[in-house]
Amino acid sequence: MQDRWSRSIDYLRLSVTDRCNLRCRYCMPEEGVRRLAHEQILRLEELERLARVAVRLGIRRIRVTGGEPLVRKGIVPLMARLAGIAGLDDLAMTTNGILLGAMAPELKAAGLQRVNISMDSLRPERFRAITRGGAIDAVWAGIDGALAAGLNPIKLNVVVIGGFNDDELVDFARLTLVRPIHVRFIEWMPMGASRCSGIPGCFVGVGQMEQTLMEAGLRPEPVSPVRGAGPAAYRRLPGALGTIGFIGALSQHFCAACNRLRLTADGHLRPCLDGPVEFDLKGLLRLGVSDRQLAAIFRRALAVKPAHHEMITEPWKAHARQMSQIGG
Ligand SMILES: Nc1nc2c(ncn2[C@@H]2O[C@H](COP(=O)(O)OP(=O)(O)OP(=O)(O)O)[C@@H](O)[C@H]2O)c(=O)[nH]1
Ligand SMILES: C[S@@+](CC[C@H](N)C(=O)[O-])C[C@H]1O[C@@H](n2cnc3c(N)ncnc32)[C@H](O)[C@@H]1O
Ligand code: SF4
Ligand code: SF4
C-alpha cells in the first residue's frame, strides 16, 4: 500500500487492550484511564478479521501492543490466530515484560516471533517510582524467559527523561556488552499523561544522549538496522553482543519514512500516532459490512495520512487520547 506521500505502508500496530498492570508516569495518569467496557473492545475474532483484511491490502508486519497486551484475556490464542494469517512476515509485541517470564514459551509456541520490552531504569527503586509500583525483578524474569524461549531479537525500550534516568544511559549501553539485547533510547513525546513541556532539562534529544555516551568514552559505531520495521537508528559498541538504538521522535523525526497504521483497542483506525483523525472500524464491523467495505476504510485512512506529526508545533493536547490507549 502507498499513501499520498508515496510512503510504503506495510506495518500495523494493533492495540489489544487499553488496560495495564503498570502506571508509567509519562504514559498514564495515576488513576488509570476510564476503562472501556468489555463490549467496546474488539473481540479476538474481530481483531483477526481486521488483520486479515489489512494483510490482504499489503500489511506484512503486525505489532501487538496496548495498554499491556499480556493482560488481555486470550492473548495466546490471539497470537496463534494472527500467526496463521498467510502473507504476514513479522509478528511482534511491545510489552512491559511483567508477565512475560511465565508466558514467553506459550507465546513463542503460538507464533510470536519477537518482543520489545519497556524498562526505563535499571535501579529497582527508580523503576518502582516511574511505573508507580512495578517490580523490576519481574521484568528481568521476562527478559530471561524471552531469551530462553527463543524470541529474537529482544529489544529494550528506554524513554529518556532528564533528571530521572539520563544518568543511566551508560549503564544501559554497557548492558549490550554482556547480553544479546538491543537497547533503544527514546525521546519523550508530548502525548497523553506526559508533561515534560515546560520542565527545564526534562526533554533529552538523541544528540544529547549520544554526547553523554561519548563523554563516558563509549564510541558506538553505526550498524545496519536490527530486524524490525521501526524508526530506530542503530549503533554497536566494539565487541558488544547487542546494539544501541536511538529513536528521535521529536528532534530527528522519521515521519518521511513512516510505514505504519494503528488500530486502537476499541477498533478505531488511526492514520498517525498524533492528531485526532480516526475511523470507526468496529462500528462498521458490527453493522455487518463486507471485507471489501472494511478495506475501503483502510484506504481512506491512507488517503488522509499526514506527512508528519505536529508534536513540536502543538505540544501536549489535553483532549488527546492517552499513549496507552493508542499503543505507542
Ligand atoms: N513518533 C512516533 N513514534 C513511534 C511510532 N511508532 C512507535 N513509536 C515509538 O517508538 C518507540 C518504540 O516502539 P516499539 O513499539 O518498540 O516498536 P518499533 O520500534 O516500531 O519496533 P521494531 O519493529 O522492533 O523496530 C515507542 O516509544 C513508540 O511509542 C510512530 O509511528 N511515530
Ligand atoms: C504505550 S506502551 C504499550 C506497550 C507496553 N505496555 C509497554 O510499555 O511496552 C508502548 C511504548 O510507548 C512508549 N511511550 C509511552 N508514552 C510515551 C511518551 N510520552 N513518549 C515516548 N514514548 C512513550 C513506552 O515506553 C513503550 O515503549
Ligand atoms: S508505557 Fe506501557 S506499561 Fe507503562 S503505563 Fe503505558 S501501557 Fe502501561
Ligand atoms: S508520528 Fe505519524 S507520520 Fe510520524 S512516524 Fe509516527 S505515525 Fe508516522
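Nothing fancy with the numbering, it's 1 onward along the sequence. Order of appearance sets the numbers: ligands from 1, and atoms from 1 within every ligand.
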Q: Kindly identify the option in Ala229, Gly328, Gly248 whose heavy atom sits closest to atom 29 (O) of ligand 1.
A: Gly328
Q: Start with the C-alpha distance between Asp120 and Arg25, add both sets of side-chain angles, then the distance that settles salt bridge (Lys or Arg N to Asp or Glu O under 4.0 Å), and finish with yes or no.
A: CA-CA 11 Å; Asp120 299 316; Arg25 289 172 190 273; over 6 Å; no
(Q) Tell me whether Leu273 reaches ligand 4 (any heavy atom closer than 4.0 angstrom to a ligand atom). (A) yes
Q) Can you tell if the side chain of Met1 reaches within under 4.5 Å of the side chain of Arg299, non-hydrogen atoms only? A) no
Q.
At less than 4.0 angstrom from any non-hydrogen atom of Arg262, what atoms of ligand 4 do you find?
A. 7 (S)
Q.
Taking Asn165's backbone N and O only, do any of them form a donor-acceptor pair with Arg123's side chain (distance below 3.5 Å, no angle check)?
A. no
Q. So does Cys258 have any N/O/S atom less than 2.8 Å away from atom 4 (Fe) of ligand 4?
A. no
Q. Asn157 to ligand 1: N or O pair under 3.5 Å?
A. yes
Q. For ligand 1, which atoms, with element, lie under 4.0 Å from some heavy atom of Lys155?
A. 22 (P), 24 (O), 25 (O)
Q. Is there a salt bridge (Lys or Arg N to Asp or Glu O under 4.0 Å) between Arg270 and Glu278 once you walk through the steps?
A. CA-CA 5 Å; Arg270 289 180 66 90; Glu278 294 185 347; 2.7 Å; yes
(Q) Side chains of Tyr234 and Arg236 only: does a donor on one sit below 3.5 Å from an acceptor on the other? (A) no
(Q) Closer than 4.0 Å to some heavy atom of Cys272 - which atoms of ligand 4 meet that? (A) 1 (S), 2 (Fe), 3 (S), 7 (S)
Q) Numbering the atoms of ligand 1 from 1, which are under 4.0 Å from a heavy atom of Gly228? A) 23 (O)
Q: Between Thr65 and ligand 1, find which residue part has any heavy-atom pair under 4.0 Å and reply side chain, backbone, both or neither.
A: neither
(Q) Counting C-beta onward and ignoring hydrogens, is there a side-chain heavy-atom pair between Arg260 and Pro231 closer than 4.5 Å? (A) yes
Q | Residue Thr94 vicinity, atoms of ligand 1 by number, heavy atom under 4.0 Å | A | 14 (P), 15 (O), 16 (O)
Q.
Taking backbone and side chain together, does Cys24 place any N/O/S atom at a distance below 2.8 Å from atom 6 (Fe) of ligand 3?
A. no
Q. Heavy atom of Gly67 under 4.0 Å from ligand 3?
A. yes
Q: Decide whether an N or O pair under 3.5 Å exists between Gly230 and ligand 1.
A: yes
Q: On the 0 to 90° scale, with breaks at 30° and 60°, tag the Phe246-Phe185 ring pair as parallel, tilted or perpendicular.
A: tilted
Q: List every atom of ligand 4 that sits less than 4.0 Å from any heavy atom of Phe254, numbering the atoms from 1 in the order shown and giving each element.
A: 5 (S)
Q) Counting each atom of ligand 1 from 1 as listed, which ones have a heavy atom of Asn116 under 4.0 Å away? A) 14 (P), 16 (O), 17 (O), 21 (O), 22 (P), 24 (O)
(Q) Exactly one of Ile62, Ile117, Leu14, Leu70 should register a side-chain contact (heavy atoms from CB on, under 4.5 Å) with Met93. Which one does? (A) Leu70
Q) What atoms in ligand 4 come closer than 4.0 Å to a heavy atom of Lys305? A) 7 (S), 8 (Fe)
Q) Tell me, which protein residue and heavy-atom name are nearest atom 27 (O) of ligand 1, and how many Å apart are they? A) Ile186 CD1, 3.5 Å
Q: Check each atom of ligand 1 against the heavy atoms of Phe254 and keep those under 4.0 Å away; list them by number with element.
A: 1 (N), 2 (C), 3 (N), 32 (N)
Q) To the nearest 0.5 Å, how far apart are OH in Tyr26 and CD1 in Ile130? A) 6.5 Å
Q. Got a salt bridge between Asp280 and Arg286, using NZ or NE/NH1/NH2 to carboxylate O under 4.0 Å?
A. no
**Q.** Under 4.0 Å to a heavy atom of Cys255 - the qualifying atoms of ligand 4, by number
**A.** 1 (S), 3 (S), 4 (Fe), 5 (S)
Q: Check whether any side-chain heavy atom of Asp166 sits under 4.5 Å from a side-chain heavy atom of Gln208, and report yes or no.
A: no
Q. Hey, which atoms in ligand 4 end up nearer than 4.0 Å to a heavy atom of His309?
A. 1 (S)
Q: Give the residue and atom name of whichever protein heavy atom lies nearest to atom 8 (Fe) of ligand 3, and the separation in Å to one decimal.
A: Cys20 SG, 2.3 Å
Q: Nearest heavy atom to atom 4 (C) of ligand 1 wins, so pick from Arg184, Arg262, Met93, Arg61.
A: Arg262
Q) Using heavy atoms and a threshold below 4.0 Å, how should the contact between Arg260 and ligand 1 be classified: side chain, backbone, both, or neither? A) side chain
Q) What residue and atom, counting heavy atoms only, is the protein's closest point to atom 6 (Fe) of ligand 3, and at what distance? A) Cys27 SG, 2.4 Å
Q. Does the pair Asp90/Arg61 count as a salt bridge with the N-to-O cut at 4.0 Å?
A. yes
(Q) Can you tell me which portion of His253 lies within the under-4.0 Å heavy-atom range of ligand 4? Options are side chain, backbone, both, or neither. (A) neither
Q.
When you measure from the side chain of Asp18 to the backbone of Gln325, do you find a donor-acceptor pair of N or O atoms at a distance under 3.5 Å?
A. no
Q: Among all protein heavy atoms, pick out the one at the shortest distance from atom 3 (N) of ligand 1; state its residue, atom name and that distance to 0.1 Å.
A: Met189 CE, 3.5 Å
Q | Proximity winner for atom 13 (O) of ligand 1, if only heavy atoms of Arg114, Arg13, Arg63 are counted | A | Arg13
Q. Of all the atoms in ligand 1, which lie at a distance below 4.0 Å from a heavy atom belonging to Tyr11?
A. 17 (O), 18 (P), 20 (O), 21 (O)
Q: Indicate the ring-plane relationship of His253 and His308, choosing parallel, tilted or perpendicular according to the 30° and 60° boundaries.
A: tilted
Q) Which of the atoms in ligand 1, numbered in the order shown and given with their element, are less than 4.0 Å from a heavy-atom of Met323? A) 29 (O)
Q: Below 4.0 angstrom from a heavy atom of Pro231, which ligand 1 atoms are there? Numbered from 1 as shown, please.
A: 19 (O), 20 (O)
